[in-house]
Amino acid sequence: MKFDIIVLGSGPGGYVTAIRASQLGFKVAVVEKENLGGICLNWGCIPTKALLKSAQVFEYLQHASDYGLTISGEVDKDFNAVIARSRGVAEGMSKGVQFLMKKNKIEIIDGFGKVKPGKKVEVTDKDGKVTELSADHIIVATGARSRELPNLPQDGKKVIGYRQAMTLPQQPKKMIVVGSGAIGVEFAYFYNAMGTEVTIVEFMPNIVPVEDEDISKQFERSLKKAGIKVMTNSSVEKVDTTGEGVKATVKTAKGEEVIEADIVLSAVGIKSNIENIGLEEVGIATDRDKILVNEYYQTNIPGYYAIGDVVPGQALAHVASAEGILCVEKIAGHHVEPLDYGNIPGCTYATPEIASVGMTEKKAKEAGYDIKVGKFPFSASGKAKAAGTPDGFVKVIFDAKYGEWLGCHMIGAGVTDMIAEAVVARKLETTGYEILKAVHPHPTMSEAVMEAVADAYGEVIHL
């Protein structure tokens, strides 16, 4: 079985890569051991958003009176139905990828793929049958899984990762979330909104530690207001699962504290899926859990490439897709520009949402820039007030000398849909004055971007 390109993995890196390769005229095969769409569509990005929407609607119903509405009878939730809806959304999206594969004449090979020397791939199906494929180009897009800490081993029942968190048979009364990155805080929000008592334990001084400090502080206030206990500068030293629930020993600045819960969710990052896929046999270079590639995702062995969570860079679905497209366009002989990792947006979909791109204020100062900083609160936004979502703000950072847009940071309702303005503007090297003079529609949440820029330049109207 000979192909032009074989892609290992069908996540948002793999399946997008395969489709673009097919569009470019290549004969393409995708090797997938589980479900089309990978973790993102089946166990990550998509089903978690379905869970979060259910939690958000539940909260809306509980606060109907805030909008002048009356609900007769008790507002309650069906936890299992919420989970079932999430799974249904994921299954629908996976079928959508199946349709796209068929439409683009991409061959799907079911099984576990291993790269072999001589530009070959060995696929073992669920029955143990082995098939050998060959191609001119082999792209590894095998993604990642939940990372386990030595002192926090996951048993899948009392100490769980994100996959189990999406399909628990019953709602826990108490939950400890270890780690406050996007995965951790999204699940913390979901379970808290559904009625679980949630504690977040974060090793760093601030939650969502990759974000601008102003965002982190605002988000922590929002979580605490919602009833979530937040413990920063803290770490789980050990867990005792011998009893009915879990007893976690948490080390804090004030000493050790034992917290009891039904379940501990470990959300301390991800680990690349690079084991047992033949890298050593082929001689593909790796370092610290990552496959080493150049700016076009070529490994040290000609004909072998890698994209997505298995290579250095942000482990995000949209990054994997962009890398894959760039990789196959380079293979096709197109002129391509290397990806600008400094202009990758990051989004967190809790309530309130967080979205950011570029430098934080701290990073901009450390880089030696003389900066202009502007901030506009949604409490001054007519749209946000009318929608009942006045919490949060937009913060912008500009180079005072040339007007370069160094960073944009948002927290509030719907900001994950607003951040693209900053991404595109930065790509086009737009200055602060150009954003300020671009007329934004009223009343919208996006006005806050223009107003924040106006604040940076001393021209803000509505503050």
Side-chain angles (χ1 to χ4, degrees), residues 34-35 37-67 69 71-96 146 154 156-200 219 222-223 225-229 245-246 261-267 317 347-354 387-389 413-414 416-417:
E34 199 171 358
N35 305 110
I39 292 297
C40 179
L41 264 67
N42 294 282
W43 298 102
C45 326
I46 305 305
T48 55
K49 303 310 160 282
L51 293 177
L52 292 168
K53 187 61 182 181
S54 291
Q56 188 182 56
V57 172
F58 185 44
E59 285 193 323
Y60 271 145
L61 292 173
Q62 289 174 304
H63 294 92
S65 60
D66 295 348
Y67 298 88
L69 305 174
I71 295 177
S72 58
E74 185 184 357
V75 174
D76 204 354
K77 81 280 182 183
D78 182 338
F79 183 76
N80 292 327
V82 168
I83 297 295
R85 175 181 179 272
S86 170
R87 300 314 312 150
V89 170
E91 286 163 18
M93 293 298 294
S94 186
K95 287 177 182 175
S146 179
Q154 298 176 22
K157 294 177 181 178
K158 291 183 179 180
V159 182
I160 62 172
Y162 57 81
R163 286 185 68 143
Q164 293 86 9
M166 275 185 279
T167 54
L168 287 178
Q170 60 188 39
Q171 183 181 347
K173 292 179 180 177
K174 294 183 178 181
M175 173 182 278
I176 299 167
V177 177
V178 184
S180 71
I183 293 172
V185 297
E186 285 178 8
F187 277 117
Y189 163 71
F190 168 71
Y191 277 101
N192 175 72
M194 298 299 283
T196 298
E197 187 181 311
V198 177
T199 300
I200 296 176
F219 191 57
S222 297
L223 293 185
K225 184 180 176 182
I228 296 173
K229 183 180 179 181
V246 180
D262 301 306
I263 280 179
V264 173
L265 168 59
S266 179
C347 296
T348 300
Y349 298 85
T351 296
E353 292 183 348
I354 298 171
T389 55
T416 57
D417 294 314

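Note that these values count all heavy atoms, side chains included, but never hydrogens, waters or copies made by symmetry. A quick note: this is a predicted structure, and the numbers were derived from the prediction, not measured.
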Where Asp262 and Pro172 come nearest, the two heavy atoms and their spacing: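 Nearest heavy atoms, Asp262 then Pro172: OD2-C, 3.7 Å.
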Side-chain donor or acceptor of Arg87 paired with backbone N/O of Asn42 under 3.5 Å: yes
Test item: Asn35 side-chain N/O and Gly38 main-chain N/O as donor-acceptor pair under 3.5 Å: no
Exercise: do Ser146 and Gln154 side chains pair donor with acceptor under 3.5 Å: yes
Residue pair Thr196, Gln171: steps toward the side-chain hydrogen bond (donor to acceptor under 3.5 Å, both in side chains) verdict: CA-CA 7 Å; Thr196 298; Gln171 183 181 347; 3.0 Å; yes
Sequence-distant partners of Val57, side chain to side chain contact (heavy atoms under 4.5 Å, CB included), two or more places apart: Lys53, Leu61
Phe219/Glu353 under side-chain contact (heavy atoms from CB on, under 4.5 Å): CA gap, chis, key distance, verdict: CA-CA 9 Å; Phe219 191 57; Glu353 292 183 348; over 6 Å; no
Atom pair CG (Leu168) and CG (Leu265), whose distance is rounded to the nearest 0.5 Å: 9.0 Å
Euclidean distance, Ile46 CD1 relative to Ser86 OG, rounded to 0.5 Å: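 With rounding to 0.5 Å, OG (Ser86) is 10.0 Å from CD1 (Ile46).
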Quiz: residues 186-193 side-chain donor-acceptor pairs under 3.5 angstrom, not counting sequence neighbours:
unit_1: Glu186; atom_1: OE1; unit_2: Lys49; atom_2: NZ; d: 3.3
unit_1: Glu186; atom_1: OE2; unit_2: Tyr349; atom_2: N; d: 2.8
unit_1: Tyr189; atom_1: OH; unit_2: Glu59; atom_2: OE1; d: 2.8
unit_1: Tyr189; atom_1: OH; unit_2: Thr351; atom_2: OG1; d: 3.3
unit_1: Tyr191; atom_1: OH; unit_2: Ala165; atom_2: O; d: 2.6
unit_1: Asn192; atom_1: ND2; unit_2: Ala226; atom_2: O; d: 3.1

Residue pairs passing the salt bridge (charged side-chain N to carboxylate O under 4.0 Å, His left out) test where at least one lies in residues 166-185, sequence neighbours excluded: none
Whether over 12 other heavy atoms sit under 6.0 Å from Met93 CE: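 Counting neighbours around CE of Met93, 12 or fewer heavy atoms of other residues, nucleotides or ligands fall under 6.0 Å, so no.
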Test applied, side chain to side chain contact (heavy atoms under 4.5 Å, CB included); reference residue, Met166; option that passes from Leu51, Ile83, Ile160: Leu51
Intermediate values then yes/no, side-chain contact (heavy atoms from CB on, under 4.5 Å), Val177 and Thr199: CA-CA 6 Å; Val177 177; Thr199 300; over 6 Å; no
Worked check of side-chain contact (heavy atoms from CB on, under 4.5 Å) between Phe79 and Gln170: CA-CA 7 Å; Phe79 183 76; Gln170 60 188 39; 5.5 Å; no
